[in-house]
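Chain letters run A, B, ... following the sequence lines, proteins first and then strands; every chain starts at 1.
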Amino acid sequence: MLIATWNVNSIKSRLDLVTRWLEEARPDVVCLQEIKCVDEAFPRAEIEALGYNVAVHGQKTYNGVALLSRAPMEVESPGGLPGDESDEQARYIEAAVSAGDGVVRVGGLYLPNGNPAPGPKYDYKLGWMDRLHAHASARLKLEEPFILAGDYNVIPEPRDARRPENWVGDALFLPETHGAWRRLLALGFTDALRATDEGGDIYTFWDYQAGAWQKNNGIRIDHLLLSPQAADRLVAVRVDKHVRSWERPSDHVPVVIELAGVERSAQSRSLFQAAT
DNA sequence: ATGGCTAGGCCCCCTAGA
């Protein structure tokens, strides 16, 4: 079973690339972030035509998340991250996806950027991370395969940036951000990429500006965190870096994991096969 | 990054991103 996350930076501007990548990668479940549209404006029919069920938690202009699944899914309603009824930003969606004779729970998230820090936006980021911690802790008690995937806007360590010195003082790299990230992992999550590759120079975002892509001046901020039951089944992780070189790309690229012991849909394929 | 792109909005200049 292939599960992916991708910040597409507007689904309307990126629809052609998204369909191209879905046909190429054939993931079973996809978490999309920054769709930047209301639910009604999501290009549902075009995605469904590729064999996906679609669940959307959007808003006008900013943010917005969606889940795509080949298998039937039961979506948590209403969307949004629990813990603050007054929060109107569309940044979290969760569903239980049927997988063989079992279920895989997937939470798709778009964690606030938080800049400039300090300030109200950074306070919102830290508050959001506190709420994510509380929600994740409750979900882990279910002892299910659970994947929290998305754009975390967190550079976990210096090796996750080509130029870490550029990020000192940034909301993505501040000590308080790192503390909240580590508390989340300490609940019992596994950072999927780090479970399979201890090296540096693995990035998921390259800025549009200043030739960042050409210089490989990237950062790793898109992550899949796995519950113990999911980590036990982790087979492989892949960053689809080549998508950044496509025409009119998102500034983020897809990250894909393969879980074993969960039946693959007939049309999906193994990461190992895809890599050859 | 002192912000060099990119996207959305009601839109010819602003906000936001990371």
Side-chain angles (χ1 to χ4, degrees), chain A residues 5-18 21 31-43 56-66 87-92 108-129 132 149-178 180-181 193 200-223 239 241 243-255:
Chain A
T5 179
W6 190 11
N7 179 325
V8 292
N9 186 16
S10 168
I11 187 63
K12 280 186 255 179
S13 294
R14 221 64 65 204
L15 183 57
D16 287 350
L17 290 199
V18 170
W21 178 76
C31 305
L32 298 178
Q33 301 89 39
E34 279 208 89
I35 60 171
K36 295 187 172 177
C37 65
V38 294
D39 296 10
E40 301 72 39
F42 190 90
V56 183
H57 180 55
Q59 70 178 90
K60 193 177 172 184
T61 312
Y62 304 119
N63 311 317
V65 287
D87 186 358
E88 294 181 347
Q89 299 191 28
R91 295 178 175 276
Y92 187 78
L109 65 92
Y110 175 45
L111 207 146
N113 173 302
N115 281 305
K121 291 193 173 183
Y122 192 56
D123 294 342
Y124 176 68
K125 177 177 194 152
L126 293 178
W128 207 94
M129 293 182 86
L132 182 63
D151 175 358
Y152 280 74
N153 272 312
V154 174
I155 304 166
E157 299 176 62
R159 62 177 161 166
D160 296 308
R162 179 63 176 241
R163 312 223 75 94
E165 66 276 14
N166 286 358
W167 298 95
V168 173
D170 192 280
L172 281 64
F173 200 61
L174 279 172
E176 278 186 276
T177 305
H178 286 146
W181 167 259
L193 190 282
D201 238 31
I202 301 168
Y203 311 121
T204 65
F205 169 94
W206 295 260
D207 202 288
Y208 288 123
Q209 303 184 66
W213 167 244
Q214 289 73 16
K215 296 184 221 167
N216 195 27
N217 182 12
I219 51 179
R220 188 175 76 94
I221 56 175
D222 299 273
H223 310 294
V239 179
K241 185 176 179 178
V243 172
R244 187 63 176 78
S245 68
W246 288 356
E247 200 172 339
R248 298 194 64 218
S250 169
D251 37 10
H252 299 249
V253 297
V255 185

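- When the P atom is compared between B:dC11 and B:dT6, the two are found 24 Å apart, to the nearest whole Å.
- Residues passing the side-chain contact (heavy atoms from CB on, under 4.5 Å) test with A:A210: none are found, sequence neighbours excluded.
- At least one donor-acceptor pair closer than 3.5 Å links the side chain of A:H178 to the backbone N or O of A:I155.
- Heavy-atom contacts of chain A under 4.0 Å fall on DNA chain B between two terminal nucleotides, which in 5' to 3' order are B:dA1 to B:dA18.
- Checked against A:N9 for a side chain to side chain contact (heavy atoms under 4.5 Å, CB included), the options A:I35, A:D251, A:D151 give a single hit: A:D251.
- A:V239 approaches A:L193 most closely through the heavy-atom pair CG2-CD2, 4.4 Å.
- Along DNA chain B, the nucleotide closest to A:K12 and the one closest to A:D251 are compared, and the more 5′ of them pairs with A:K12.
- The residue A:N153 sits close only to the backbone: its heavy atoms come under 4.0 Å of sugar-phosphate atoms, none of a base.
- Residues that satisfy the side-chain contact (heavy atoms from CB on, under 4.5 Å) test with A:Y122, not counting sequence neighbours, are A:A117, A:K125, A:L126, A:A171, A:L174, A:E176, A:T177.
- Residue contacts for A:R14: at a heavy-atom cut-off of 4.0 Å it reaches the sugar-phosphate backbone alone, with no base atom in range.
- Between the side chain of A:H252 and the main chain of A:W206, no donor-acceptor pair closer than 3.5 Å is present.
- Annotation: of the two residues near DNA chain B, A:N217 and A:S10, the 5′-most nearest-nucleotide partner is A:N217.
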